[in-house]
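One structure below.
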2 protein chains.
Amino acid sequence: MSSDRVTIRQIAEMSEVSVSTVSNVLNGRTLRMSAETLERVRGVISTLRYRPSSIARGLVTGRTATIGLVVAEIETALFFSAVGALETAARDAGYNLIVCHARGSRDEAEVVTVLRTKGVDGIIFIANSEAVDNTHLSDLPAAGILAVVINRRRPGPEFGRVSWDDRAGVSGAVEHLHDLGHRRIAFLRGPRSRDSTRERAAGYRRGLKKAGLPYQEDYVRHADYTADPLTWERAAGELLDLDPAPTAVIASDDSVAAVVIRTAQRRGLSVPRDLAVVGIDDQMFAALLNPPLTTIRLPVKEAAERALKMLVDTIAGQSMRAVRLDTELVVRDSSSPEPPHHRQSAGCLPSGKVAGPSSPGRKET
Amino acid sequence: MSSDRVTIRQIAEMSEVSVSTVSNVLNGRTLRMSAETLERVRGVISTLRYRPSSIARGLVTGRTATIGLVVAEIETALFFSAVGALETAARDAGYNLIVCHARGSRDEAEVVTVLRTKGVDGIIFIANSEAVDNTHLSDLPAAGILAVVINRRRPGPEFGRVSWDDRAGVSGAVEHLHDLGHRRIAFLRGPRSRDSTRERAAGYRRGLKKAGLPYQEDYVRHADYTADPLTWERAAGELLDLDPAPTAVIASDDSVAAVVIRTAQRRGLSVPRDLAVVGIDDQMFAALLNPPLTTIRLPVKEAAERALKMLVDTIAGQSMRAVRLDTELVVRDSSSPEPPHHRQSAGCLPSGKVAGPSSPGRKET
DNA sequence: CTGAAAGCGCTAACAG
DNA sequence: CTGTTAGCGCTTTCAG
């Protein structure tokens with residue numbers, strides 16, 4: 001097969017220099033080298049299309065310019081933008097990404113082992129905020145493998161961490177709805193096992209308090225976005241059956257929000273006139289719904305970029321940190337004070353106007 | 001940092017055997033080895049948690065158990081399911097995936113170079129059917145790097161290829177709509193530069209012909225799903241302005257379909273009563289729209305799995321092939337003969353009933 | 001059935 | 001400023 005691989009030795013011979021000289025030009029240690037030699041070596045390299053084997057290099061340097069990415073729930077649309085952003089950022093920094101999907105602690109431990117044998121320089125974990133066991137990560141720092149976690153509890157101080165402020169996000173959404181005149185604001189909780197669910201619930205309470213609204217048990221329902229959509233529909237229906245029914249709903253994510261909208265519409269209600277709906281995530285389709293969905297945008301891409309930067313900076317000598325990003329409320333028609341067909345046709349894809357100044361993480365677009 | 005790496009030599013010493021013996025147990029060449037020795041070596045390996053370095057192994061064997069995945073348009077939701085499926089399939093087969101995003105031929109050439117220096121055993125290209133230049137791939141076979149392309153023209157006979165039948169998919173959708181009683185069926189074309197767009201347009205014509213319907217220029221519009229949603233809205237509006245207006249639209253993809261639905265609804269039309277809408281892709285949100293979207297499901301996941309299998313089989317000695325997969329028409333409410341609120345609450349997430357037997361690629365669910 | 005030894009392609013001392 | 005050399009950790013003949 002690949003019998004004709006060009007090696008550094010051949011380059012050396014053809015350039016009539018030693019391998020170390022070639023190695024030097026390869027690695028930019030070219031400062032005090034005769035310009036003529038440099039030229040000649042470079043010429044041979046390019047005519048032979050020589051590319052040093054990063055395997056061989058990795059064996060001796062112990063570095064591979066490869067980063068492992070361990071993704072929980074790879075099927076989730078939101079995480080894909082993270083993978084994309086990460087890949088771009090990584091390649092800009094001269095790294096490649098080995099992407100692995102881990103479905104649980106056991107799986108993750110296995111994946112980490114493989115990644116270690118492959119000699120990755122660092123690992124980024126992007127999680128679903130599931131409070132997962134971290135013990136299998138404890139020996140990573142000792143093994144000299146840098147790691148940063150996204151949307152997950154920090155396994156230790158040697159780990160980098162990037163997260164976002166779920167609590168402030170939901171709190172801000174409540175305030176937004178309150179500003180619009182809503183007084184009966186319901187909240188759909190996500191999967192029970194996730195930290196994000198707790199944070200968001202806390203944000204809901206905080207938002208109510210800030211707005212001076214009472215917390216009502218009845219207005220909080222469970223709608224696990226990892227479960228069957230029929231269950232979301234049921235939860236939405238129960239909310240709508242209440243008397244008095246809520247005039248606004250913050251859904252557990254954009255998918256659930258889509259079903260809430262549909263459920264309301266099927267009952268003849270108009271969104272947002274009879275019911276305002278706010279999602280969480282800002283997935284691609286949010287702006288395409290009818291009406292376009294107001295949603296709490298999670299800064300997944302930014303998180304990915306920050307995580308990568310943290311890793312690269314740490315390789316360059318800095319130490320790990322924990323950063324928390326702001327979410328951003330993207331206001332579209334599903335929470336506007338007037339029904340969408342009476343308004344300018346606002347809200348298509350990445351547009352989205354912005355709410356009042358009261359809550360954090362809002363930004364002009 | 002990683003000073004304390006366990007090596008095969010240490011295992012050999014502690015087991016009081018030679019390194020080659022350890023290597024043998026590592027590689028399963030254990031047939032004619034004293035059971036007692038085997039036991040001892042394995043014991044030492046597991047107590048020391050020894051993992052052979054795949055870098056070192058790769059250097060000598062020339063194989064890395066790593067596959068490159070080159071994705072065009074990594075941001076597209078549809079492709080993510082491919083990445084997920086591929087990762088799972090790869091890991092099951094003992095491989096890892098280096099995922100790269102290539103934005104064009106130049107970028108792709110660069111990515112391929114990097115992948116080669118990293119010693120990948122094969123490369124899978126998953127494309128957007130853009131008729132892209134393939135010349136930079138021509139020396140892959142000679143270099144002993146296996147490659148298979150998904151949704152892209154085959155660069156040569158040494159390349160594997162997996163694709164799907166866009167033409168039959170759209171043709172089947174036309175027939176489905178015809179069966180439902182539609183006689184004025186419009187079609188929204190995707191990006192001009194893609195092969196898939198041409199195939200789909202051909203499928204549209206074929207479907208009309210099969211149904212005995214005339215081809216009408218006016219009913220075909222351009223709605224590039226990579227462009228601004230406002231342009232889709234305009235295209236949809238133009239269709240609806242026609243007299244007589246179409247009673248059904250096949251949209252260029254699910255996102256466009258969502259906007260078509262919205263445009264119709266904003267004009268007070270009911271989907272599907274006044275207008276039936278069919279998408280292409282079957283993205284996650286298709287089932288969440290109101291009404292749930294009938295769509296031509298592209299077998300992206302299956303394609304990914306087939307591609308991986310082809311690669312692995314070829315490594316094992318088989319030769320590359322070209323396979324074409326069927327699409328599947330997933331019938332939901334947006335094309336049902338009656339309005340959704342008069343029907344059983346069908347159509348939530350992966351459900352979707354199935355049309356008549358006339359067209360290819362339909363399957364019972 | 002096991003051990004010694006020769007590299008895989010490269011980098012990094014260390015001499016010249 | 002350039003050349004020689006010793007490995008990185010593993011596999012794989014080839015002798016014992």
Side-chain angles (χ1 to χ4, degrees), chain A residues 1-42 44-45 48-66 116-119 121 143-144, chain B residues 1-42 44-45 48-66 116-119 121 143-144:
Chain A
M1 297 282 243
S2 53
S3 45
D4 48 354
R5 201 191 203 304
V6 184
T7 74
I8 195 174
R9 172 157 293 129
Q10 296 175 41
I11 303 295
E13 282 170 8
M14 300 208 55
S15 319
E16 297 178 311
V17 295
S18 72
V19 291
S20 59
T21 302
V22 179
S23 175
N24 283 337
V25 349
L26 251 29
N27 294 284
R29 283 182 294 270
T30 181
L31 302 172
R32 19 187 204 177
M33 194 154 62
S34 91
E36 191 255 344
T37 313
L38 178 59
E39 207 58 28
R40 187 152 33 91
V41 175
R42 285 210 173 124
V44 175
I45 286 177
L48 262 59
R49 301 177 165 286
Y50 165 69
R51 300 285 162 205
S53 151
S54 48
I55 310 269
R57 176 177 288 175
L59 185 56
V60 34
T61 62
R63 313 246 285 88
T64 53
T66 304
R116 290 178 61 165
T117 74
K118 299 245 170 168
D121 298 333
Chain B
M1 297 278 248
S2 51
S3 48
D4 49 354
R5 203 191 201 305
V6 183
T7 75
I8 197 175
R9 172 157 294 129
Q10 295 175 40
I11 303 296
E13 283 170 6
M14 300 209 53
S15 317
E16 296 178 312
V17 295
S18 73
V19 292
S20 61
T21 302
V22 178
S23 175
N24 283 337
V25 348
L26 249 29
N27 294 283
R29 283 183 294 269
T30 180
L31 301 172
R32 17 185 206 178
M33 195 154 60
S34 88
E36 191 255 345
T37 310
L38 178 58
E39 205 60 25
R40 187 151 33 92
V41 175
R42 286 210 172 123
V44 175
I45 286 177
L48 262 58
R49 302 177 165 287
Y50 167 69
R51 300 284 161 205
S53 150
S54 48
I55 310 269
R57 174 178 292 176
L59 184 58
V60 32
T61 61
R63 314 244 284 89
T64 54
T66 304
R116 289 177 61 164
T117 74
K118 299 243 170 168
D121 298 334

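Letters A, B, ... are given to chains in the order of the sequence lines, protein chains preceding strands, and every chain is numbered from 1.
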Looking across every strand, which nucleic acid part, if any, lies under 4.0 Å from A:S34 by heavy atom: base, sugar-phosphate, or nothing?
sugar-phosphate
Of the listed nucleotides (C:dG9, D:dT4, C:dC8), which one gets closest to any side-chain atom of A:A56?
C:dG9
B:S53 vs D:dG9: side-chain N/O to OP1/OP2 distance below 4.0 Å
no
Just the rounded figure in Å: distance from C1' of D:dG9 to NZ of A:K118.
16 Å
With the side chain defined as heavy atoms from C-beta on, B:Y50 is closest, among D:dT4, C:dA4, D:dC10, to D:dC10
Side-chain ion pair, A:R9 and A:E13, N-O less than 4.0 Å
no
Rounded to the nearest angstrom, tell me the gap between atom CZ in B:R5 and atom P in D:dC8.
12 Å
Phosphate oxygens OP1/OP2 of C:dC1: is one of them under 4.0 Å from a side-chain N or O of B:T21?
no
Judged by atom type as modelled, is there a donor-acceptor pair below 3.5 Å linking the side chain of A:S54 to the main-chain atoms of B:T117?
yes
Can you check whether B:N27 has a side-chain N or O nearer than 4.0 Å to OP1 or OP2 of D:dT11?
yes
Whether A:S23 contacts C:dT11 is assessed here as follows: a side-chain N or O lying under 4.0 Å from the phosphate OP1 or OP2. Is that the case?
yes
Just verifying a value: how many Å separate A:R5 CZ and A:Q10 CD, rounded to the nearest 0.5 Å?
10.0 Å
Quickly work out the B:I11 CD1 to C:dG3 P distance and round it to whole Å.
15 Å
Please report, rounded to the nearest Å, how far the C1' atom of C:dT11 is from the CG atom of A:L26.
10 Å
For the pair made of CG in A:L59 and C1' in C:dC10, what is the distance, rounded to whole Å?
8 Å
Heavy-atom nearest nucleotide on DNA chain D taken for B:V19 and for A:M33; more 5' hit belongs to A:M33
Taking CG from B:N24 and P from C:dT2, how many angstroms apart are they, rounded to a whole number?
9 Å
For D:dG9 and B:T7 - does any side-chain N or O of the residue sit under 4.0 Å from the phosphate oxygens OP1/OP2?
no
D:dT2, OP1 or OP2 - any side-chain N/O from A:T37 closer than 4.0 Å?
yes
Output the rounded distance in Å from CD1 (B:I8) to C1' (D:dG9).
8 Å
Got a second to check how far B:R40's CZ is from B:S34's OG, nearest 0.5 Å?
7.0 Å
Could you state the CZ-C1' distance from A:R57 to C:dC8, rounded to the nearest angstrom?
16 Å
Does D:dC1 have OP1 or OP2 under 4.0 Å away from a side-chain N or O of A:R29?
no
Rounded distance (nearest 0.5 Å) linking atom CG of A:N27 with atom CG of A:N24:
7.5 Å
